[in-house]
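Structure first, then comments.
This structure is a prediction, so every number in the text was calculated from the model and none was measured.
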Amino acid sequence: EYEGDRDGEGQRHGFGKARLPNGDTYEGEYERGLRSGHGTYRFKNGALYTGNYLQNKKHGKGVFFYPDGSKYAGDWVHDQRQGYGEYLYANGDTYTGEWANNKRHGQGTYVYKDTGSKYVGCWVNGIQNGPAELIHLNHRFKGTFLNGKPLGRGKYIFDIGCEQHGEYIQPVQEKEEEEEDEPPLPLEPIWKVSEITKLTPWSPHDEELLVPREAGGAEAEEEKIPSAIGDAGEEGEGRREEEVNQGQEDQGEK
């Protein structure tokens with residue numbers, strides 16, 4: 001069903017309202033029979049998109065409200081989240097930053113609602129990857145992440161005015177011949193302390209060698225550090241929500 005403007009050839013052109021065979025509805029601009037310009041698309045499952053279209057695809061600025069209560073507001077390119085945008089997840093977490101092919105990609109900030117911690121740094125295909133900072137309530141970690149986990153040189157910065165330098169080392173997986181059928185669980189990187197210092201400027205790209213000192217103090221300080229890995233891994237829930245929502249979104253518009 002369609003109610004609205006048409007061009008000389010009878011195609012939908014201008015402003016109109018349409019009800020699709022699957023129960024979805026669209027109200028907005030058309031160009032030569034296709035959704036182009038600004039419009040609002042309501043999905044039968046309760047989802048809603050309001051924003052720009054180009055030849056029946058979400059393209060430009062737009063806001064998508066998903067059935068689970070999550071929301072994305074930002075840039076779209078050919079029906080995919082791409083450019084810059086903010087995603088509010090159903091669990092209250094938020095991501096603000098760059099996107100590519102529907103995934104967090106580039107520079108972005110992920111905030112964990114439950115703990116108030118946030119990851120500020122690089123993403124690759126939806127995963128924390130590259131130089132970043134993981135900020136907690138009274139301390140923060142600066143270093144490099146690989147596949148969602150800190151790895152290599154970094155430092156913890158404490159509000160009391162000191163830093164703990166060191167590196168995350170990936171443990172070697174021990175092979176067990178008896179359980180060849182089951183893939184081994186990935187081991188968590190281990191934090192190895194090098195030194196304790198006063199506050200100093202530093203980035204993961206520095207080549208300066210660390211000289212161990214104050215070993216006793218380093219060991220004592222190490223016990224006070226909550227795991228940076230815990231928060232870094234929690235955003236998997238948000239990633240699963242995106243995948244489910246994307247499936248519903250694609251299915252609804254076909």
Side-chain angles (χ1 to χ4, degrees), residues 1-111 113 118 120-127 235 237-254:
E1 300 177 9
Y2 176 75
E3 177 185 342
D5 302 330
R6 295 181 183 273
D7 60 14
E9 299 178 359
Q11 297 183 104
R12 301 175 184 182
H13 193 86
F15 185 84
K17 299 178 182 180
R19 178 178 293 275
L20 285 72
N22 64 0
D24 296 349
T25 63
Y26 174 76
E27 180 176 343
E29 297 175 315
Y30 283 88
E31 186 175 331
R32 296 181 181 179
L34 302 176
R35 296 187 295 274
S36 286
H38 192 275
T40 298
Y41 191 107
R42 299 177 186 274
F43 294 81
K44 184 180 178 180
N45 65 4
L48 181 148
Y49 171 80
T50 180
N52 293 321
Y53 275 91
L54 179 64
Q55 298 181 345
N56 270 3
K57 294 184 177 181
K58 298 182 288 292
H59 193 91
K61 299 288 185 182
V63 182
F64 201 111
F65 298 88
Y66 296 93
D68 62 2
S70 57
K71 180 183 77 170
Y72 171 80
D75 298 329
W76 298 80
V77 175
H78 299 307
D79 255 353
Q80 295 189 318
R81 296 184 292 271
Q82 184 147 326
Y84 187 88
E86 179 176 353
Y87 201 118
L88 170 63
Y89 299 94
N91 65 357
D93 292 356
T94 60
Y95 171 80
T96 306
E98 297 175 310
W99 296 78
N101 300 319
N102 275 328
K103 296 181 179 179
R104 299 180 289 269
H105 189 88
Q107 288 289 324
T109 298
Y110 192 103
V111 180
K113 182 185 177 183
K118 60 183 177 180
V120 182
C122 293
W123 299 76
V124 176
N125 294 324
I127 300 174
E235 58 86 26
E237 182 175 347
R239 185 184 306 130
R240 288 193 294 274
E241 290 174 14
E242 283 180 41
E243 292 170 352
V244 171
N245 287 335
Q246 187 58 39
Q248 295 173 336
E249 178 182 327
D250 293 341
Q251 193 171 19
E253 274 211 311
K254 288 181 181 176

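- For Arg12, the side-chain contact (heavy atoms from CB on, under 4.5 Å) partners two or more places apart in sequence, or in a different chain, are Tyr2, Arg6, Ala18, Tyr30.
- Under the 6.0 Å distance and 45° angle rule, Lys58 counts as a cation-pi partner of Tyr49.
- With a 4.5 Å cut-off on side-chain heavy atoms, Trp76 and Leu54 do not count as touching.
- Taking NE2 of His13 as the reference point, atom CD of Gln11 lies at 9.0 Å (rounded to 0.5 Å).
- Separation of atoms CG (Leu88) and NZ (Lys71) is listed at 6.5 Å; rounding is to 0.5 Å.
- Between Arg104 and Trp99, the closest side-chain pair of non-hydrogen atoms falls below 4.5 Å.
- Atom CD of Glu98 sits about 10.5 Å away from atom OG1 of Thr109, to the nearest 0.5 Å.
- A heavy-atom distance below 4.5 Å is found between the side chains of Tyr41 and Asp24.
- Annotation: side chain of Arg42 is in contact with side chain of Leu48 (closest heavy-atom distance under 4.5 Å).
- Between Thr25 and Arg19 the shortest side-chain heavy-atom distance falls below 4.5 Å.
- Residues passing the side-chain contact (heavy atoms from CB on, under 4.5 Å) test with Val124 are His105, Asn129, sequence neighbours excluded.
- Note that CG of Asp79 is 9.0 Å distant from CG of Asn56, once rounded to the nearest 0.5 Å.
- Here the closest heavy-atom approach between residue Asp68 and residue Ala90 is recorded as O-CB, 3.5 Å.
- Applying the side-chain contact (heavy atoms from CB on, under 4.5 Å) rule to Glu3 yields no partners; only residues at least two apart in sequence or on another chain are considered.
- Once rounded to the nearest 0.5 Å, the distance linking NZ of Lys61 with CG of Asn52 reads 9.5 Å.
- We find the OH-NE2 distance between Tyr53 and His38 to be 10.0 Å, quoted to the nearest 0.5 Å.
- Within the cation-pi definition used here (under 6.0 Å to the ring centroid, within 45° of the axis), Arg81 does not qualify as a partner of Tyr87.
- In this structure, the side chain of Glu27 does not engage the main chain of Lys17 through any donor-acceptor pair within 3.5 Å.
- Between Gly126 and Lys103, the closest heavy-atom pair is N-CB, 3.8 Å.
- Nearest heavy atom pair, residue Thr96 against residue Glu86, reads OG1-CG, 3.5 Å.
- Inter-residue side-chain proximity for Tyr89 and Tyr95 is flagged as met; some heavy-atom pair is nearer than 4.5 Å.
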